[in-house]
Amino acid sequence: MHADNTKHVVEKWVERLGTGRDQLLPLLHAVQDEIGFIDDATVRALAASLNLSRADVHGVVTFYHDFRRRPAGRHVVKLCRAESCQARGGARIEAAAARRLGVAMGATRSDGQVSLEPVFCLGLCAIGPNALVDGRPIARVDEAALEAIAQAVAA
Amino acid sequence: MGFTRETDHGTLPALATGANVTLTIDGEHVTLPEGTSIMRAASLTGTAIPKLCASDNLESFGSCRLCLVEVEGRNGYPASCTTPIAEGMVVRTQTERLKELRRGVMELYISDHPLDCLTCAANGDCELQNQAGAVGLRDVRYGYDGATNMGQPKDQSNPYFDFDPSKCIVCSRCVRACDEVQGTFALTIEGLGFGSKVAASQDDAFLASECVSCGACVQACPTASLIEKKVVETGTPDRSVITTCAYCGVGCTFRAEMRGEELVRMVPWKDGKANHGHSCVKGRFAWGYAQHKERILHPMIRTSITEPWREVSWDEAIVHTASEFRRIQEKYGRLAVGGITSSRCTNEETFLVQKLVRQGFGNNNVDTCARVCHSPTGYGLKTTFGTSAGTQDFDSVMQSDVILVIGANPTDAHPVFGSRMKQRLRQGAKLIVIDPRRTDLVRSPHVEAEHHLPLRPGTNVAMLTAMAHVIVTEELYDEAFIRERCDWDEFQDWADFVSEAARSPEAIEPLTGVRAEDVRGAARLYATGGNGAIYYGLGVTEHSQGSSTVMAIANLAMATGNIGREGVGVNPLRGQNNVQGACDMGSFPHEFSGYRHVSDDATRAMFEAAWGVKLDHEPGLRIPNMLDAATDGTFKALFIQGEDILQSDPNTHHVAAGLAAMECVVVQDLFLNETANYAHVFLPGSTFLEKDGTFTNAERRIQRVRKVMAPLNGQADWEIVQLVANAMGLGWSYSHPSEIMDEIAALTPTFAGVHYDRLDAEGSLQWPANDAAPGGTPTMHIDGFARGKGKFIVTDYIPTDEKTGPRFPLLLTTGRILSHYNVGAQTRRTANTAWHPEDRLEIHPADAENRGIKDGDWVGLKSRAGETTLRAQITERVAPGVVYTTFHHPDTQANVITTDYSDWATNCPEYKVTAVQVGLSNGPSDWQEDYADHARQSRRIAPLEAAE
Amino acid sequence: MAMEDEEGVMSTGERLIYMANQIARNLASEGGERSAEMVADHIRSFWDPSMRQRIVALAADRPNALSPIAAAAVRRIAAA
C-alpha cells in the first residue's frame, strides 16, 4: 500500500519536472520534501520513470547524506562537523547533544521525536559551533543553547 | 612455454583523426595519433606505467592516482591516463618523486586490504599484487587498527562468480564495464569516501539484481574481489587456446584458459573481431555441459524405439548404420533416405554430411535447421541482391545513424551485438523497433526507441509496404542510387505498387493496430536520418510470408540507398553459431556449397569430377517433406547430426509421426535429446572444445574452433561421419579438418582463399575470400550487387491462413531469453538453470483478468494443432490479444501448439503466428504426460553384459 | 484452402495443393502467364521429383483444388 502511494508521489513530480536524467536530483528533493525520505520503492519508481537503472539511482541517493533512507524524527537537529566548527569545540558539543537529547549521532530516537544528523559547513565559520534546527540556523552553540534546543524539540 | 596475459594499454585507442603527434617519453621519441593518452603511448612503446583503475576497454577515469607522470613545463603530477599526448611534450614516467608518490598511494590501498596473498584465488593473477611490486612497496606504516573495509560477507549468489567486498579497492572498473561495455548499468558505487562500496542494483545480491551475468565486471576486476568460482576451486591456468563460441551467431572469440586438460575459464579475446573482448553469460560461463553426467559417451543401438538402448562398440554401430541405409535403399529406392546437417557443428563436419548424402546416398535429400529459421533470408537476399547472407560486419553499427530492428531481440538473443548496438545508441543514433512485444530495446535503462511499432503478428509485409508507401509518395527515395545500381523500370513497377492508397499507413492501421502517424514517422526517419541499417531476425522469417518480408526489407534498403558502405545494410541476425556456415556448405536440398543450384551442369560436373560419382541434378526433400514422405511410407531412414527436430520443429505430432514411420533413425548428438526417443542408432558426438574446425558467424566471418581437450566420446564429429562414409565404401581419408577446408576451397569460388594457415595468420576471414577479394569482404555490394543490379520485388500482403476466431481468439508468438539457448540442450545442463527454470506464458493483464488468471497460475495453451500447459506471467510487454512464450524446455512442448503453416518459398514454419486459447488448467496436458512417459521409457539404457 | 478447425495435420496431398496455391498467390502480382511461369520455375527448383509427380497427378484428380495460376503452372511442369 505504501509503495503505491510512493509511486503516485513520484509520478506527480515527474509530471511536473520532467523525465530527463538531469531531473533526478530535483525529483529526489521534491519527493523527500513531501514524503520525508527516499525508500526502495521510490528508487524503483524514479528509475522506471527516468529510464535509469536502479543501480544508477541508488548510487546517487546513497552518495548524498541529505537523502534520508528512513523517516526522520518529528524534529531534525543538524550539527556542523566541518573544520572550523571542530576547531571551536564542535566535538564536545556533539557529545553533549547526544547525551542531552538521548539519541546517537546519525540516528533517530526510538520514540520518533528527534533525529540528530551531521552537516558539513553552514557558512557561519567565524561563529561556530553551528547547528541547524528544523531548518533554522543557530550559531555559537554552547550548553545553554543546547538546553534551549532540547526544549524546542520536546514539543 | 609460460602463460601470457594480454597487454592492457590502459585507455581506449584515440578516435582516428588522421593527425599524428610526436613526443618524448623517457628520452625516446614516440609518434602516435593525437588523442592518445600518455599512458597508452607509453604502453605501446614498451613502458608500463603503474595503473589500477585504467583498462583499455573503458574510458579513462583518473581515480587510482598511481599512473602519475612528470611533464616538463607543467606543474604537479598529472595522471597519464587522462592526459592526451601533445606535440613536443616531454614526459618522464619514473623519477624519485613519482616513486614516492606511487608508493604512498599504494600504501594507502594496502592499509585497507587483506594480506592473504598466498591463499587468495588471485595469487599470481592479481593486478594489485603486481602494482605493489612495481612501485616497490615495502611496508604499511598505518597499521591495521581502527575501522577497515575488511571482514565483509561475500556475495556468492551468482552461480559462476563470487563478489568479496573485502578485497575491493573501489577502482570502479566493474561499474564502468557494466555501463560502457555491457550497457546494463547494474552496478554502482554506494555511499562515498571511506564508506564507498560496490553495490549491485540497490545493494541486492548479484543474482537478484539487474545483473545479467555477462562477466565483464569479473574480467575487469584487478583483484580477487570479483572472481570466477572455477578459479577459486582450481587455481590459475597455465595455457590458453583461442577458439570460437558454440552458442549464437555472434561468434565471440575466446581464450580458453586451461590447466592441463581442465578448462579453468573462458575469457573473451580482445582481438576477436566479432566481440572485441566481450561476451555473454552463455559463452563465458555455460560450458559445463561438456562434462554433464547426462552426456552419452558410447554408441548405442536398438531394433525398436520401445526397447531400451544397448551400448555397442563403434565398429558395430557404424557397420550397422551403413548396412541399414544400404538395405533400405535397396528395398525402398535411392530416394528413401536422407540426412540433416547441424548448424552447431563445424563447416567441415557439415560439408562431410552433405557429401555423405550426395556422394554416398546418391541423392539430394539433405537439409538443415536453417530451414526453420533463416531459409527465407537465403531466398530473399539471393533474389534481391544475389547473396544469401547479410551485407555488413558487426562493427558497421558504430557508423549507423538510424537503426531499424524488426522481428529481433538482440539484447536477449545476440547479447554481445546488442551491447554494441546500445553503445551506438548511447552515442546518439536513433532506434526504430518493429515488434509485437515491448522488448528491452524499446525501453530499458539508457536506451529508448524513437519509434516502437507494436504490430499484430502476421502483418510484417503490410507494415513494410506502408513504410515504402511513405518513402515513395513523399519522394524520400535515393534516385541516383537506384538509377545506378538497380533496374529503374523494376523500381517504377514497385513504386507504383507501393504508392496505391490501399498500401498507405492509414489504410493498414486497422490491420496492424499501429497508428499511421507512427509508421510515417518511422519511415521518414529511416529514409532521411543518415546511415540507415536494418537488423532482423526470426520475427521476420518465421512467417507464411517470411521470404516476402526479407525482400520487402531489401526493397527499403535499395530505395533509400542504404547499401554498399559501413553503417547501413541489411543484417540478418543468424541464430546459431554455424547456421550461416551450414547454409554456405550446401546443406540445402537444392544447392551445393556456395549456393549453386544442383541443376547447374558446370557446378555439378566439378563435384562429380572431385568425388568420382554421378550426382543427382534434381532438388531433394526438405525436412517437412521428408516427414510427409515418411508418413506416406516412401522415406525410411534419416541421419541426423546435432539437431533436435522433435523439440525445435513445428507441429510436434507431425514430426513424431514421421520419425515413428521410419526404419532407421540415426542421431549423432551429445545427449539423448527428444528426437533420440525415436532413434535406432545413437552416435555420441563431441563438443566444440573437443575438435578442430571452423564456424561462420552472422557476419560471414569464418573463425577457427580449436581443440582444447581430448573428446570424451573418443572421436570428433567429422571422424564419425568419415567412419560411416567408409563403411559405405566411399574411401575418405581426411586426417585433419584443414584438409576438408582445402577441399571446400577448391570446390567453392567464394571460399577459394580460405585455408587454415591464413585463418591462423589473420584470425578470421569474411567470405567471399578469393582472388577477387584477397582480404575477405567485410562490406558487400560496394560497387555493385552480387547479382549485378539490385532487384526490386513487389511484395503483396497476403494474410496468413492462421486466423483467430471465437475458439482461438489470441495470437501466440515465440522467442528466446538471454540465459538459455535454443532448445536448451546445453544451457539446461549448466548452472544457467538458476535463471528461467521453466518457460512461462506472457499474457496481458486484460486478457488474464477476463480468464481469471493470476501470475504464476497453470494455464492450458491450446491451438488447432494441440495443447500444452505452462505457468502464466502477467505483463504489459505484450499487447492485448497477443501471448508469448519461449521454447527452451522440452516439457513445455511449445511446438505441439505451432501449426503446419510455413513460408511460401522455403517452408520456414510460421512459428510466430498461432491462434490460441488460454484458460486455467489443473496440470500437464494428456499429451505432455504421455510424452513424458514415452521419453522416460525411451531413455532407458540396458546395463552392459558382464565384461568380456 | 485453410486447415479445418479440428484437424492438426494436412495429408501430404493436401499439403502439396496448399503449397502450390500459396506459391501462386505470392507470385500473382506479375499476372497470368508470367506468374504461372514463375510458379513453375519455383516448383522445378525446389520440389523433388516425387512431389512434382504427385502434384501433377493431384491436378488431374482434383481439377478444382488448384487456383488458375497454380493449375497453369502445374500444366507447364507436366509438359516439361
Side-chain angles (χ1 to χ4, degrees), chain B residues 333 335 363-365 379 461 493-494 497 544-545 547-548 588-591 597-599 616 618-622 624-632 634-635 651-654 657 793-796 798 800-803 805 807-808 863-866 896-897 899-907, chain C residues 1-32 34-58 61 65-70 73-74 76-78 80:
Chain B
L335 301 176
N363 61 43
N364 285 316
N365 292 339
Y379 179 90
V461 172
D493 287 341
W494 174 79
F497 166 75
S544 57
Q545 281 201 299
S547 293
S548 312
F588 286 139
H590 66 284
E591 278 173 344
H597 202 277
V598 293
S599 66
D616 193 338
E618 293 278 13
L621 293 168
R622 298 164 171 172
N625 311 130
M626 288 180 193
L627 296 166
D628 277 341
T631 45
D632 287 346
T634 56
F635 189 85
N651 203 308
T652 309
H653 294 286
H654 180 225
I793 301 279
V794 167
T795 56
D796 201 2
I798 298 168
T800 171
D801 282 324
E802 179 65 6
K803 307 256 189 262
R807 281 193 67 211
F808 302 107
S863 75
R864 285 177 198 95
V896 168
I897 308 299
T899 67
D900 242 1
Y901 292 123
S902 64
D903 171 56
W904 65 271
T906 62
N907 286 149
Chain C
M1 183 205 107
M3 277 167 53
E4 295 301 320
D5 226 35
E6 293 305 327
E7 278 174 26
V9 187
M10 287 187 253
S11 73
T12 305
E14 283 165 349
R15 191 192 315 284
L16 292 179
I17 292 175
Y18 183 83
M19 280 165 60
N21 285 336
Q22 190 189 18
I23 296 167
R25 267 182 295 163
N26 275 278
L27 293 176
S29 62
E30 298 281 326
R34 180 80 192 106
S35 288
E37 186 57 49
M38 288 169 72
V39 174
D41 274 343
H42 186 98
I43 291 178
R44 280 191 212 106
S45 283
F46 298 113
W47 288 28
D48 97 319
S50 63
M51 287 163 68
R52 301 199 305 260
Q53 277 161 21
R54 189 85 181 265
I55 194 73
V56 168
L58 283 166
D61 274 349
L66 291 173
S67 71
I69 293 178
V74 174
R76 284 161 191 267
I77 289 166

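All chains are named by letter (A, B, ...) in the order of the sequence lines, taking the proteins before the strands, and each is independently numbered beginning at 1. The structure displayed is predicted, hence computed values, not measured ones.
Proximity to chain C is absent for every atom of B/S599, based on heavy atoms less than 4.5 angstrom apart. If you measure heavy-atom distances from B/F635 to chain C, you find no contacts under 4.5 Å at all. For B/N907, the part lying under 4.5 angstrom from a heavy atom of chain C is the side chain only. For a residue to count as touching a neighbouring chain, one of its non-hydrogen atoms must lie under 4.5 Å from one of that chain's; by this rule B/I798 touches chain C with the side chain only.
Judged as a side chain to side chain contact (heavy atoms under 4.5 Å, CB included), and not counting sequence neighbours, the contacts of B/E591 are B/K382, B/F588, B/Y595. In this structure B/S547 satisfies the side-chain hydrogen bond (donor to acceptor under 3.5 Å, both in side chains) test together with B/D903, sequence neighbours excluded. Residues passing the side chain to side chain contact (heavy atoms under 4.5 Å, CB included) test with C/A28, sequence neighbours excluded: C/I69.
Proximity to chain B among residues 41-53 of chain C is limited to C/H42, C/R44, C/S45, C/F46, C/W47, C/D48, C/P49, C/M51, C/R52, judged by heavy-atom separations below 4.5 angstrom.
Contact count versus chain C (heavy atoms, under 4.5 Å) is highest, among B/D493, B/L627, B/L621, B/T906, for B/L621.
Looking at heavy atoms from C-beta onward, B/D900 lies out of side-chain contact with C/Y18 at the 4.5 angstrom threshold.
Rounding to the nearest 0.5 Å places CD1 of B/I793 at 9.0 Å from CG of C/L27. In this structure, the separation between OH on B/Y901 and CE on C/M19 is 14.0 Å, given to the nearest 0.5 Å. One distance of note links OG of C/S11 with CG of B/D632; it measures 8.0 Å at 0.5 Å rounding.
Side-chain N or O atoms of B/Q545 include none that pairs as donor or acceptor with a backbone N or O of C/N26 at under 3.5 Å.
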